[in-house]
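What follows is a set of notes on a single structure, which appears directly below.
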Protein chains: 2
Amino acid sequence: MASKHNDIACDYFLNNPTSIFYPLSEEEKKELFNNHVCTVYKKGEIIFKEGDKPTGLICLSSGKVKIFKEGVGGREQIVRMSSPLGFIGYRALFAEQNYSGSAVALEDSVVCILEKEALYKVMRSNADLTMRMMKKMANELGISNTRTVSLTQKHIRGRLAESLLLLVDTYGLEEDGKTIRAYLSREDLANLSNMTTSNAIRTLSTFASENLISIDGRKIGILDMKKLERVSDMG
Amino acid sequence: MASKHNDIACDYFLNNPTSIFYPLSEEEKKELFNNHVCTVYKKGEIIFKEGDKPTGLICLSSGKVKIFKEGVGGREQIVRMSSPLGFIGYRALFAEQNYSGSAVALEDSVVCILEKEALYKVMRSNADLTMRMMKKMANELGISNTRTVSLTQKHIRGRLAESLLLLVDTYGLEEDGKTIRAYLSREDLANLSNMTTSNAIRTLSTFASENLISIDGRKIGILDMKKLERVSDMG
DNA sequence: GAAAATATGTGTTATAAAACATTTTTTTTA
DNA sequence: TAAAAAAAATGTTTTATAACACATATTTTC
(Lines give C-alpha, C1' and ligand atoms only; values in the text may rest on other atoms or scores of the structure.)
Protein backbone atom coordinates (compact mmCIF):
# COMPACT_ATOMS: atom_id res chain seq x y z
CA MET A 1 0.00 0.00 0.00
CA ALA A 2 1.20 3.48 -0.86
CA SER A 3 2.38 5.55 2.05
CA LYS A 4 -0.06 7.91 3.75
CA HIS A 5 2.33 10.72 2.95
CA ASN A 6 1.88 10.12 -0.75
CA ASP A 7 -1.87 10.22 -0.53
CA ILE A 8 -1.64 13.53 1.27
CA ALA A 9 0.53 14.95 -1.52
CA CYS A 10 -2.06 13.99 -4.10
CA ASP A 11 -4.98 15.13 -1.97
CA TYR A 12 -3.29 18.47 -1.63
CA PHE A 13 -3.49 18.91 -5.36
CA LEU A 14 -6.98 17.69 -5.98
CA ASN A 15 -8.65 19.47 -3.09
CA ASN A 16 -6.84 22.76 -2.72
CA PRO A 17 -9.21 25.63 -3.56
CA THR A 18 -6.59 27.24 -5.79
CA SER A 19 -6.04 24.04 -7.75
CA ILE A 20 -7.59 23.70 -11.20
CA PHE A 21 -8.83 20.28 -10.05
CA TYR A 22 -10.82 21.69 -7.15
CA PRO A 23 -14.15 22.02 -9.03
CA LEU A 24 -14.06 18.41 -10.26
CA SER A 25 -16.74 15.94 -9.23
CA GLU A 26 -15.89 13.35 -6.60
CA GLU A 27 -15.98 10.72 -9.29
CA GLU A 28 -13.50 12.58 -11.45
CA LYS A 29 -11.19 13.16 -8.51
CA LYS A 30 -11.37 9.48 -7.64
CA GLU A 31 -10.41 8.58 -11.21
CA LEU A 32 -7.31 10.76 -10.94
CA PHE A 33 -6.52 9.68 -7.39
CA ASN A 34 -6.71 6.01 -8.30
CA ASN A 35 -4.18 6.53 -11.02
CA HIS A 36 -1.50 8.51 -9.32
CA VAL A 37 2.03 7.80 -8.19
CA CYS A 38 3.95 9.91 -5.72
CA THR A 39 7.70 10.24 -5.61
CA VAL A 40 10.12 11.95 -3.30
CA TYR A 41 13.21 13.57 -4.78
CA LYS A 42 16.26 14.59 -2.79
CA LYS A 43 17.97 17.89 -3.42
CA GLY A 44 19.86 17.72 -6.69
CA GLU A 45 18.00 14.68 -8.02
CA ILE A 46 16.79 14.57 -11.60
CA ILE A 47 13.02 14.37 -12.07
CA PHE A 48 13.24 14.01 -15.82
CA LYS A 49 15.78 14.59 -18.54
CA GLU A 50 15.53 16.17 -21.97
CA GLY A 51 14.31 13.43 -24.32
CA ASP A 52 12.45 11.37 -21.69
CA LYS A 53 8.86 10.45 -22.43
CA PRO A 54 6.19 11.94 -20.15
CA THR A 55 4.04 9.37 -18.38
CA GLY A 56 1.68 11.74 -16.67
CA LEU A 57 1.14 15.16 -15.22
CA ILE A 58 3.76 15.90 -12.58
CA CYS A 59 2.35 18.03 -9.77
CA LEU A 60 4.78 19.59 -7.32
CA SER A 61 3.44 19.13 -3.83
CA SER A 62 6.38 20.48 -1.88
CA GLY A 63 9.88 21.64 -2.64
CA LYS A 64 11.47 23.65 -5.42
CA VAL A 65 12.32 22.54 -8.94
CA LYS A 66 14.25 24.13 -11.79
CA ILE A 67 13.38 23.37 -15.40
CA PHE A 68 16.21 24.05 -17.79
CA LYS A 69 17.48 23.47 -21.29
CA GLU A 70 20.98 22.74 -22.45
CA GLY A 71 22.13 25.24 -25.02
CA VAL A 72 25.31 25.90 -26.94
CA GLY A 73 28.18 23.81 -25.57
CA GLY A 74 26.00 22.36 -22.81
CA ARG A 75 25.43 25.77 -21.27
CA GLU A 76 22.36 25.62 -19.06
CA GLN A 77 19.48 28.07 -19.32
CA ILE A 78 16.84 27.85 -16.62
CA VAL A 79 13.50 28.19 -18.36
CA ARG A 80 11.27 28.16 -15.33
CA MET A 81 11.26 27.76 -11.55
CA SER A 82 8.46 25.63 -10.17
CA SER A 83 6.86 26.03 -6.76
CA PRO A 84 4.31 23.93 -4.84
CA LEU A 85 0.93 23.57 -6.55
CA GLY A 86 2.63 24.03 -9.90
CA PHE A 87 2.91 21.58 -12.77
CA ILE A 88 6.15 20.24 -14.14
CA GLY A 89 6.68 19.00 -17.66
CA TYR A 90 3.06 19.51 -18.65
CA ARG A 91 4.03 21.22 -21.87
CA ALA A 92 5.63 18.09 -23.31
CA LEU A 93 2.72 15.99 -22.07
CA PHE A 94 0.10 18.05 -23.87
CA ALA A 95 2.22 18.58 -26.95
CA GLU A 96 2.62 14.78 -27.03
CA GLN A 97 6.35 15.19 -27.33
CA ASN A 98 9.31 14.03 -25.30
CA TYR A 99 10.55 16.49 -22.72
CA SER A 100 12.38 19.39 -24.32
CA GLY A 101 14.08 20.29 -21.05
CA SER A 102 15.20 18.72 -17.80
CA ALA A 103 13.85 19.08 -14.28
CA VAL A 104 16.00 18.92 -11.14
CA ALA A 105 14.92 19.30 -7.52
CA LEU A 106 16.61 22.31 -5.94
CA GLU A 107 15.64 21.01 -2.51
CA ASP A 108 13.92 17.88 -1.21
CA SER A 109 10.65 17.72 -3.12
CA VAL A 110 7.51 15.61 -3.27
CA VAL A 111 5.69 15.21 -6.55
CA CYS A 112 2.44 13.51 -7.40
CA ILE A 113 2.13 12.14 -10.91
CA LEU A 114 -1.35 11.88 -12.38
CA GLU A 115 -1.27 9.09 -14.92
CA LYS A 116 -1.76 10.37 -18.48
CA GLU A 117 -4.62 8.14 -19.59
CA ALA A 118 -6.73 8.87 -16.52
CA LEU A 119 -6.05 12.59 -16.85
CA TYR A 120 -6.95 12.59 -20.54
CA LYS A 121 -10.11 10.65 -19.80
CA VAL A 122 -11.21 13.26 -17.27
CA MET A 123 -10.18 16.16 -19.49
CA ARG A 124 -11.99 14.80 -22.51
CA SER A 125 -15.20 14.63 -20.52
CA ASN A 126 -14.66 17.94 -18.75
CA ALA A 127 -13.99 20.79 -21.16
CA ASP A 128 -13.96 23.35 -18.35
CA LEU A 129 -10.97 21.64 -16.75
CA THR A 130 -9.25 21.60 -20.12
CA MET A 131 -10.00 25.29 -20.56
CA ARG A 132 -8.48 26.06 -17.15
CA MET A 133 -5.39 24.06 -18.05
CA MET A 134 -5.17 25.92 -21.33
CA LYS A 135 -5.42 29.23 -19.54
CA LYS A 136 -2.47 28.19 -17.38
CA MET A 137 -0.43 27.29 -20.41
CA ALA A 138 -1.40 30.49 -22.25
CA ASN A 139 -0.18 32.36 -19.23
CA GLU A 140 3.13 30.54 -19.26
CA LEU A 141 3.55 31.21 -22.97
CA GLY A 142 3.18 34.90 -22.23
CA ILE A 143 5.84 34.67 -19.55
CA SER A 144 8.13 32.77 -21.90
CA ASN A 145 7.78 35.39 -24.64
CA THR A 146 8.39 38.19 -22.18
CA ARG A 147 11.44 36.38 -20.85
CA THR A 148 12.84 36.00 -24.34
CA VAL A 149 12.80 39.75 -24.75
CA SER A 150 14.19 40.43 -21.26
CA LEU A 151 17.01 37.94 -21.55
CA THR A 152 18.02 39.16 -24.99
CA GLN A 153 17.63 42.89 -24.55
CA LYS A 154 18.29 43.76 -20.92
CA HIS A 155 21.78 44.32 -19.63
CA ILE A 156 23.30 42.17 -16.91
CA ARG A 157 22.02 44.32 -14.06
CA GLY A 158 18.50 44.31 -15.43
CA ARG A 159 18.52 40.57 -16.01
CA LEU A 160 19.77 39.78 -12.53
CA ALA A 161 17.33 42.19 -10.89
CA GLU A 162 14.51 40.57 -12.86
CA SER A 163 15.59 37.13 -11.69
CA LEU A 164 15.62 38.20 -8.06
CA LEU A 165 12.13 39.64 -8.45
CA LEU A 166 11.03 36.44 -10.18
CA LEU A 167 12.25 34.44 -7.21
CA VAL A 168 10.36 36.69 -4.81
CA ASP A 169 7.28 36.27 -6.97
CA THR A 170 7.59 32.51 -7.14
CA TYR A 171 8.72 31.64 -3.63
CA GLY A 172 7.90 34.70 -1.58
CA LEU A 173 9.78 36.13 1.38
CA GLU A 174 10.69 34.68 4.77
CA GLU A 175 8.97 35.90 7.94
CA ASP A 176 11.44 38.79 8.21
CA GLY A 177 9.75 40.27 5.15
CA LYS A 178 12.92 40.63 3.14
CA THR A 179 14.81 37.35 2.72
CA ILE A 180 14.01 35.54 -0.53
CA ARG A 181 12.55 32.14 0.34
CA ALA A 182 14.87 30.41 -2.14
CA TYR A 183 18.53 29.66 -1.70
CA LEU A 184 20.10 29.25 -5.11
CA SER A 185 23.74 28.78 -5.93
CA ARG A 186 25.40 31.63 -7.76
CA GLU A 187 25.61 29.29 -10.73
CA ASP A 188 21.85 28.67 -10.78
CA LEU A 189 21.24 32.38 -10.40
CA ALA A 190 23.53 32.94 -13.38
CA ASN A 191 21.80 30.25 -15.44
CA LEU A 192 18.46 31.82 -14.65
CA SER A 193 19.72 35.23 -15.74
CA ASN A 194 21.67 34.26 -18.83
CA MET A 195 25.10 35.28 -17.62
CA THR A 196 28.31 33.71 -16.40
CA THR A 197 28.66 32.76 -12.74
CA SER A 198 31.41 35.34 -12.33
CA ASN A 199 29.14 38.09 -13.54
CA ALA A 200 26.29 36.96 -11.30
CA ILE A 201 28.64 37.12 -8.30
CA ARG A 202 30.04 40.47 -9.30
CA THR A 203 26.67 42.05 -10.00
CA LEU A 204 25.22 40.67 -6.80
CA SER A 205 28.07 42.34 -4.90
CA THR A 206 27.42 45.59 -6.72
CA PHE A 207 23.73 45.42 -5.78
CA ALA A 208 24.73 44.87 -2.16
CA SER A 209 27.13 47.82 -2.21
CA GLU A 210 24.28 49.93 -3.58
CA ASN A 211 22.06 48.74 -0.71
CA LEU A 212 19.55 47.19 -3.09
CA ILE A 213 20.03 43.80 -1.47
CA SER A 214 21.85 42.17 1.43
CA ILE A 215 23.95 39.06 0.97
CA ASP A 216 24.73 36.37 3.54
CA GLY A 217 25.92 33.34 1.63
CA ARG A 218 22.95 32.13 -0.37
CA LYS A 219 20.60 34.16 1.74
CA ILE A 220 19.58 37.21 -0.24
CA GLY A 221 17.55 40.01 1.31
CA ILE A 222 15.60 42.55 -0.67
CA LEU A 223 16.42 45.95 0.83
CA ASP A 224 14.90 48.22 -1.80
CA MET A 225 12.23 46.56 -3.91
CA LYS A 226 11.30 49.77 -5.73
CA LYS A 227 14.84 50.48 -6.84
CA LEU A 228 15.33 46.84 -7.80
CA GLU A 229 12.23 47.05 -9.98
CA ARG A 230 13.62 50.18 -11.55
CA VAL A 231 16.91 48.42 -12.29
CA SER A 232 14.95 45.54 -13.80
CA ASP A 233 12.84 47.84 -15.97
CA MET A 234 15.71 50.00 -17.13
CA GLY A 235 17.18 47.04 -19.01
CA MET B 1 -24.41 41.01 -46.86
CA ALA B 2 -20.82 40.02 -46.19
CA SER B 3 -18.72 39.59 -49.28
CA LYS B 4 -18.36 36.15 -50.79
CA HIS B 5 -14.63 36.53 -50.33
CA ASN B 6 -15.03 36.76 -46.58
CA ASP B 7 -17.13 33.64 -46.40
CA ILE B 8 -14.49 31.81 -48.36
CA ALA B 9 -11.80 32.91 -45.92
CA CYS B 10 -13.80 31.51 -43.02
CA ASP B 11 -14.79 28.37 -44.87
CA TYR B 12 -11.14 27.77 -45.59
CA PHE B 13 -10.49 27.57 -41.89
CA LEU B 14 -13.42 25.49 -40.84
CA ASN B 15 -13.25 22.93 -43.62
CA ASN B 16 -9.56 22.46 -44.36
CA PRO B 17 -8.52 18.90 -43.43
CA THR B 18 -5.47 20.20 -41.60
CA SER B 19 -7.53 22.65 -39.52
CA ILE B 20 -8.31 21.77 -35.91
CA PHE B 21 -11.93 22.71 -36.73
CA TYR B 22 -12.24 20.12 -39.48
CA PRO B 23 -13.68 17.33 -37.29
CA LEU B 24 -16.43 19.58 -35.86
CA SER B 25 -20.09 18.78 -36.45
CA GLU B 26 -21.99 20.85 -39.02
CA GLU B 27 -23.88 22.45 -36.18
CA GLU B 28 -20.68 23.48 -34.40
CA LYS B 29 -19.23 24.87 -37.62
CA LYS B 30 -22.40 26.80 -38.23
CA GLU B 31 -22.19 28.33 -34.76
CA LEU B 32 -18.68 29.56 -35.48
CA PHE B 33 -19.49 30.62 -39.03
CA ASN B 34 -22.48 32.65 -37.91
CA ASN B 35 -20.29 34.56 -35.50
CA HIS B 36 -17.32 35.48 -37.60
CA VAL B 37 -15.99 38.68 -39.07
CA CYS B 38 -13.45 38.87 -41.83
CA THR B 39 -11.02 41.70 -42.38
CA VAL B 40 -8.49 42.54 -45.03
CA TYR B 41 -5.23 44.18 -44.00
CA LYS B 42 -2.86 45.92 -46.36
CA LYS B 43 0.88 45.41 -46.12
CA GLY B 44 2.17 47.23 -43.05
CA GLU B 45 -1.21 47.58 -41.35
CA ILE B 46 -1.61 46.87 -37.66
CA ILE B 47 -3.91 43.96 -36.78
CA PHE B 48 -3.66 44.55 -33.06
CA LYS B 49 -1.42 46.43 -30.66
CA GLU B 50 0.10 45.49 -27.31
CA GLY B 51 -2.56 46.24 -24.70
CA ASP B 52 -5.60 45.79 -26.98
CA LYS B 53 -8.34 43.47 -25.81
CA PRO B 54 -8.92 40.31 -27.86
CA THR B 55 -12.44 39.97 -29.24
CA GLY B 56 -12.06 36.58 -30.81
CA LEU B 57 -9.76 34.06 -32.39
CA ILE B 58 -7.95 35.61 -35.35
CA CYS B 59 -7.34 33.08 -38.09
CA LEU B 60 -4.95 33.99 -40.87
CA SER B 61 -6.48 32.96 -44.16
CA SER B 62 -3.91 34.44 -46.50
CA GLY B 63 -0.85 36.63 -46.21
CA LYS B 64 2.01 36.90 -43.73
CA VAL B 65 1.97 38.43 -40.27
CA LYS B 66 4.68 39.23 -37.75
CA ILE B 67 3.96 39.18 -34.03
CA PHE B 68 6.40 41.21 -31.99
CA LYS B 69 7.05 42.74 -28.62
CA GLU B 70 8.60 46.08 -27.81
CA GLY B 71 11.57 45.70 -25.54
CA VAL B 72 14.16 47.99 -24.00
CA GLY B 73 13.98 51.44 -25.58
CA GLY B 74 11.24 50.39 -28.00
CA ARG B 75 13.50 47.84 -29.65
CA GLU B 76 11.36 45.32 -31.50
CA GLN B 77 11.71 41.57 -31.06
CA ILE B 78 9.70 39.42 -33.44
CA VAL B 79 8.24 36.62 -31.37
CA ARG B 80 6.60 34.66 -34.13
CA MET B 81 5.85 34.68 -37.84
CA SER B 82 2.37 33.57 -38.79
CA SER B 83 1.40 31.85 -42.01
CA PRO B 84 -1.99 30.93 -43.52
CA LEU B 85 -4.05 28.50 -41.44
CA GLY B 86 -2.32 29.79 -38.32
CA PHE B 87 -3.82 31.60 -35.37
CA ILE B 88 -2.88 35.10 -34.30
CA GLY B 89 -3.20 36.45 -30.79
CA TYR B 90 -4.77 33.27 -29.43
CA ARG B 91 -2.47 33.24 -26.44
CA ALA B 92 -3.92 36.45 -25.01
CA LEU B 93 -7.44 35.26 -25.80
CA PHE B 94 -7.07 32.02 -23.85
CA ALA B 95 -5.07 33.61 -21.04
CA GLU B 96 -7.90 36.14 -20.79
CA GLN B 97 -5.41 38.96 -20.93
CA ASN B 98 -4.85 41.90 -23.20
CA TYR B 99 -2.44 41.33 -26.04
CA SER B 100 1.15 41.20 -24.83
CA GLY B 101 2.49 41.87 -28.30
CA SER B 102 1.51 43.50 -31.56
CA ALA B 103 0.65 42.02 -34.96
CA VAL B 104 1.40 43.66 -38.28
CA ALA B 105 0.69 42.36 -41.78
CA LEU B 106 3.92 41.87 -43.71
CA GLU B 107 1.95 41.67 -46.93
CA ASP B 108 -1.72 42.02 -47.85
CA SER B 109 -3.53 39.58 -45.59
CA VAL B 110 -7.03 38.29 -44.98
CA VAL B 111 -8.05 37.23 -41.50
CA CYS B 112 -11.21 35.65 -40.21
CA ILE B 113 -12.11 36.40 -36.60
CA LEU B 114 -14.17 33.81 -34.75
CA GLU B 115 -16.11 35.64 -32.07
CA LYS B 116 -14.96 34.71 -28.57
CA GLU B 117 -18.30 33.74 -27.03
CA ALA B 118 -19.26 31.43 -29.89
CA LEU B 119 -15.82 29.83 -29.84
CA TYR B 120 -15.94 29.30 -26.09
CA LYS B 121 -19.41 27.83 -26.36
CA VAL B 122 -18.20 25.27 -28.90
CA MET B 123 -15.01 24.55 -26.98
CA ARG B 124 -16.84 24.04 -23.72
CA SER B 125 -19.02 21.44 -25.35
CA ASN B 126 -16.22 19.84 -27.34
CA ALA B 127 -13.27 18.86 -25.18
CA ASP B 128 -11.49 17.24 -28.12
CA LEU B 129 -11.32 20.57 -29.91
CA THR B 130 -10.00 22.17 -26.75
CA MET B 131 -7.38 19.44 -26.45
CA ARG B 132 -6.27 20.02 -30.03
CA MET B 133 -6.01 23.73 -29.37
CA MET B 134 -4.02 23.02 -26.23
CA LYS B 135 -1.68 20.78 -28.17
CA LYS B 136 -1.08 23.66 -30.59
CA MET B 137 -0.27 25.99 -27.74
CA ALA B 138 1.96 23.45 -25.99
CA ASN B 139 3.84 23.17 -29.21
CA GLU B 140 4.28 26.89 -29.45
CA LEU B 141 5.47 27.08 -25.86
CA GLY B 142 8.17 24.57 -26.75
CA ILE B 143 9.22 26.70 -29.69
CA SER B 144 9.26 29.80 -27.51
CA ASN B 145 11.48 28.16 -24.90
CA THR B 146 13.84 26.86 -27.56
CA ARG B 147 13.97 30.30 -29.12
CA THR B 148 14.86 31.87 -25.78
CA VAL B 149 17.93 29.66 -25.59
CA SER B 150 18.90 30.18 -29.23
CA LEU B 151 18.52 33.93 -29.12
CA THR B 152 20.48 34.25 -25.90
CA GLN B 153 23.24 31.72 -26.50
CA LYS B 154 23.92 31.53 -30.22
CA HIS B 155 26.23 33.96 -31.91
CA ILE B 156 25.05 36.27 -34.66
CA ARG B 157 25.76 33.82 -37.46
CA GLY B 158 23.88 31.04 -35.72
CA ARG B 159 20.93 33.29 -34.95
CA LEU B 160 20.61 34.57 -38.49
CA ALA B 161 20.98 31.08 -39.97
CA GLU B 162 18.27 29.86 -37.62
CA SER B 163 15.96 32.68 -38.70
CA LEU B 164 16.45 31.87 -42.37
CA LEU B 165 15.64 28.22 -41.67
CA LEU B 166 12.61 29.31 -39.65
CA LEU B 167 11.36 31.30 -42.64
CA VAL B 168 11.83 28.31 -44.94
CA ASP B 169 9.96 26.19 -42.42
CA THR B 170 7.11 28.66 -42.07
CA TYR B 171 6.67 29.87 -45.63
CA GLY B 172 8.45 27.31 -47.75
CA LEU B 173 10.37 27.83 -50.98
CA GLU B 174 9.33 29.20 -54.36
CA GLU B 175 8.99 26.91 -57.39
CA ASP B 176 12.72 27.21 -58.07
CA GLY B 177 13.28 25.13 -54.94
CA LYS B 178 15.62 27.61 -53.31
CA THR B 179 14.10 31.09 -52.93
CA ILE B 180 12.54 31.69 -49.53
CA ARG B 181 8.85 32.45 -50.01
CA ALA B 182 9.05 35.49 -47.73
CA TYR B 183 10.52 38.87 -48.52
CA LEU B 184 11.45 40.58 -45.29
CA SER B 185 13.26 43.85 -44.86
CA ARG B 186 16.72 43.61 -43.35
CA GLU B 187 15.28 45.33 -40.31
CA ASP B 188 12.62 42.65 -39.82
CA LEU B 189 15.23 39.96 -40.35
CA ALA B 190 17.33 41.66 -37.66
CA ASN B 191 14.38 41.95 -35.28
CA LEU B 192 13.64 38.29 -35.78
CA SER B 193 17.25 37.36 -35.03
CA ASN B 194 17.94 39.70 -32.13
CA MET B 195 20.60 41.81 -33.76
CA THR B 196 21.03 45.27 -35.26
CA THR B 197 20.07 45.88 -38.87
CA SER B 198 23.70 46.57 -39.72
CA ASN B 199 24.75 43.20 -38.43
CA ALA B 200 21.95 41.41 -40.26
CA ILE B 201 23.09 43.04 -43.52
CA ARG B 202 26.74 42.27 -42.86
CA THR B 203 26.15 38.66 -41.88
CA LEU B 204 23.83 38.12 -44.83
CA SER B 205 26.62 39.35 -47.13
CA THR B 206 29.08 37.02 -45.45
CA PHE B 207 26.71 34.08 -45.94
CA ALA B 208 26.44 35.02 -49.62
CA SER B 209 30.22 35.23 -49.99
CA GLU B 210 30.45 31.76 -48.45
CA ASN B 211 27.88 30.51 -50.97
CA LEU B 212 25.45 29.51 -48.24
CA ILE B 213 22.80 31.79 -49.72
CA SER B 214 22.21 34.04 -52.71
CA ILE B 215 20.94 37.57 -52.32
CA ASP B 216 18.95 39.61 -54.79
CA GLY B 217 17.37 42.47 -52.87
CA ARG B 218 14.91 40.90 -50.47
CA LYS B 219 14.96 37.68 -52.42
CA ILE B 220 17.07 35.19 -50.52
CA GLY B 221 18.00 31.84 -52.00
CA ILE B 222 19.16 28.87 -49.96
CA LEU B 223 22.21 27.46 -51.73
CA ASP B 224 23.47 25.06 -49.09
CA MET B 225 20.82 24.00 -46.60
CA LYS B 226 23.09 21.47 -44.87
CA LYS B 227 25.82 24.01 -44.20
CA LEU B 228 23.26 26.58 -43.10
CA GLU B 229 21.88 24.06 -40.61
CA ARG B 230 25.39 23.45 -39.37
CA VAL B 231 25.93 27.20 -38.89
CA SER B 232 22.64 27.37 -37.02
CA ASP B 233 23.53 24.43 -34.76
CA MET B 234 27.05 25.57 -34.06
CA GLY B 235 25.72 28.55 -32.16
C1' DG C 1 39.64 15.95 10.93
C1' DA C 2 42.49 15.94 6.78
C1' DA C 3 42.02 15.87 1.92
C1' DA C 4 39.42 16.65 -1.95
C1' DA C 5 35.95 18.72 -4.25
C1' DT C 6 32.96 22.35 -4.96
C1' DA C 7 31.49 27.09 -4.60
C1' DT C 8 32.57 31.87 -4.19
C1' DG C 9 35.14 36.01 -5.07
C1' DT C 10 38.17 39.23 -7.82
C1' DG C 11 41.33 41.08 -11.17
C1' DT C 12 42.78 41.05 -16.21
C1' DT C 13 42.29 40.28 -21.06
C1' DA C 14 39.90 39.31 -25.23
C1' DT C 15 36.08 39.73 -28.25
C1' DA C 16 31.48 39.78 -30.15
C1' DA C 17 28.32 42.86 -31.18
C1' DA C 18 26.33 47.44 -30.47
C1' DA C 19 26.75 52.17 -31.54
C1' DC C 20 27.94 55.59 -34.58
C1' DA C 21 28.93 57.72 -38.97
C1' DT C 22 28.58 57.97 -43.92
C1' DT C 23 27.63 56.59 -48.48
C1' DT C 24 24.97 54.38 -51.90
C1' DT C 25 20.87 52.40 -53.62
C1' DT C 26 16.03 51.82 -53.90
C1' DT C 27 11.40 53.21 -53.24
C1' DT C 28 7.91 56.53 -52.58
C1' DT C 29 5.81 60.81 -53.25
C1' DA C 30 4.85 65.15 -55.13
C1' DT D 1 10.91 62.84 -63.50
C1' DA D 2 12.82 65.30 -59.75
C1' DA D 3 12.96 65.45 -54.85
C1' DA D 4 12.46 63.31 -50.63
C1' DA D 5 12.37 59.46 -47.83
C1' DA D 6 13.49 54.98 -46.68
C1' DA D 7 16.35 50.99 -46.98
C1' DA D 8 20.70 48.83 -47.69
C1' DA D 9 25.61 48.72 -47.41
C1' DT D 10 30.07 49.43 -45.22
C1' DG D 11 33.83 51.22 -42.40
C1' DT D 12 35.27 52.67 -37.56
C1' DT D 13 34.91 53.06 -32.61
C1' DT D 14 33.22 51.75 -28.30
C1' DT D 15 31.55 48.74 -24.85
C1' DA D 16 29.33 45.06 -22.40
C1' DT D 17 30.26 40.78 -21.18
C1' DA D 18 32.52 36.36 -21.83
C1' DA D 19 36.74 34.02 -21.10
C1' DC D 20 40.58 33.22 -18.45
C1' DA D 21 43.37 32.95 -14.38
C1' DC D 22 43.87 32.53 -9.76
C1' DA D 23 42.80 33.11 -4.68
C1' DT D 24 39.95 31.95 -0.90
C1' DA D 25 36.22 30.05 1.25
C1' DT D 26 32.95 26.33 2.24
C1' DT D 27 31.14 21.82 1.90
C1' DT D 28 31.62 16.98 1.16
C1' DT D 29 33.85 12.70 1.55
C1' DC D 30 36.79 9.30 3.11
Side-chain angles (χ1 to χ4, degrees), chain A residues 42-45 66 71-77 104 106-108 149-163 182-209 213-220 231 234-235, chain B residues 42-45 66 71-77 104 106-107 149-164 182-209 213-220 231 234-235:
Chain A
K42 287 235 166 63
K43 178 178 171 174
E45 279 188 337
K66 67 171 172 180
V72 179
R75 191 172 142 201
E76 175 180 321
Q77 174 63 52
V104 165
L106 284 182
E107 47 183 65
D108 296 358
V149 177
S150 291
L151 292 179
T152 54
Q153 297 196 356
K154 285 185 182 178
H155 284 178
I156 275 199
R157 286 170 59 90
R159 267 147 42 207
L160 185 64
E162 183 175 301
S163 290
Y183 302 83
L184 303 204
S185 68
R186 301 292 191 259
E187 194 181 357
D188 279 337
L189 220 42
N191 292 340
L192 184 63
S193 315
N194 180 36
M195 63 185 65
T196 56
T197 306
S198 299
N199 277 329
I201 291 167
R202 236 186 287 266
T203 310
L204 227 39
S205 303
T206 311
F207 283 177
S209 78
I213 62 171
S214 63
I215 307 178
D216 175 12
R218 293 189 179 188
K219 200 175 121 182
I220 297 174
V231 171
M234 293 249 308
Chain B
K42 287 237 167 60
K43 178 178 171 175
E45 279 188 337
K66 66 171 173 180
V72 178
R75 190 172 142 201
E76 173 179 324
Q77 174 63 52
V104 165
L106 285 182
E107 47 183 66
V149 178
S150 291
L151 291 179
T152 54
Q153 296 195 357
K154 286 186 182 177
H155 284 178
I156 276 200
R157 286 171 58 89
R159 275 161 17 220
L160 184 64
E162 183 175 300
S163 290
L164 294 177
Y183 302 82
L184 304 204
S185 68
R186 302 292 191 261
E187 193 180 358
D188 279 338
L189 219 43
N191 292 340
L192 184 62
S193 315
N194 181 37
M195 62 185 66
T196 56
T197 306
S198 298
N199 277 327
I201 292 167
R202 236 185 288 266
T203 310
L204 228 38
S205 303
T206 312
F207 282 177
S209 77
I213 63 171
S214 62
I215 307 178
D216 174 12
R218 293 190 180 188
K219 199 174 122 183
I220 297 174
V231 171
M234 294 249 308

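Values below: all heavy atoms of this structure, side chains included; hydrogens, waters and symmetry mates excluded.
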Rounded to whole Å, please give me the gap between [atom1] in [X] and [atom2] in [N].
| X | N | atom1 | atom2 | result |
| --- | --- | --- | --- | --- |
| B:L204 | D:dT10 | CG | P | 11 Å |
| A:Q153 | C:dA17 | CD | C1' | 14 Å |
| B:R202 | D:dA7 | CZ | C1' | 15 Å |
| B:I156 | D:dA16 | CD1 | C1' | 14 Å |
| B:N199 | D:dA9 | CG | C1' | 12 Å |
| B:L160 | C:dA16 | CG | C1' | 15 Å |
| A:E187 | C:dT8 | CD | C1' | 11 Å |
| B:I215 | D:dA7 | CD1 | C1' | 14 Å |

(message) Set out, in order, the CA-CA distance, both residues' side-chain angles and the distance that settles side-chain contact (heavy atoms from CB on, under 4.5 Å) for A:T196 and A:R75, then state yes or no.
(response) CA-CA 10 Å; A:T196 56; A:R75 191 172 142 201; over 6 Å; no
If you check the [X] side chain, which of [options] turns out closest?
| X | options | answer |
| --- | --- | --- |
| A:R218 | C:dC20, D:dA18, C:dA7 | C:dA7 |
| B:R159 | D:dC20, C:dA17, C:dA21 | C:dA17 |
| A:S198 | C:dT8, D:dA18, D:dA21 | D:dA21 |
| A:I201 | D:dT17, C:dT8, C:dA18 | C:dT8 |
| B:H155 | D:dG11, C:dA16, D:dC20 | C:dA16 |

Under 4.0 Å, heavy atoms only, any strand: does [X] hit a base, just the sugar-phosphate, or nothing?
| X | answer |
| --- | --- |
| A:D188 | nothing |
| A:T197 | nothing |
| A:R75 | nothing |

(request) Find which nucleotide of DNA chain C each of B:N194 and A:L184 is nearest to by heavy atoms, and output the residue with the more 5' nucleotide. (result) A:L184
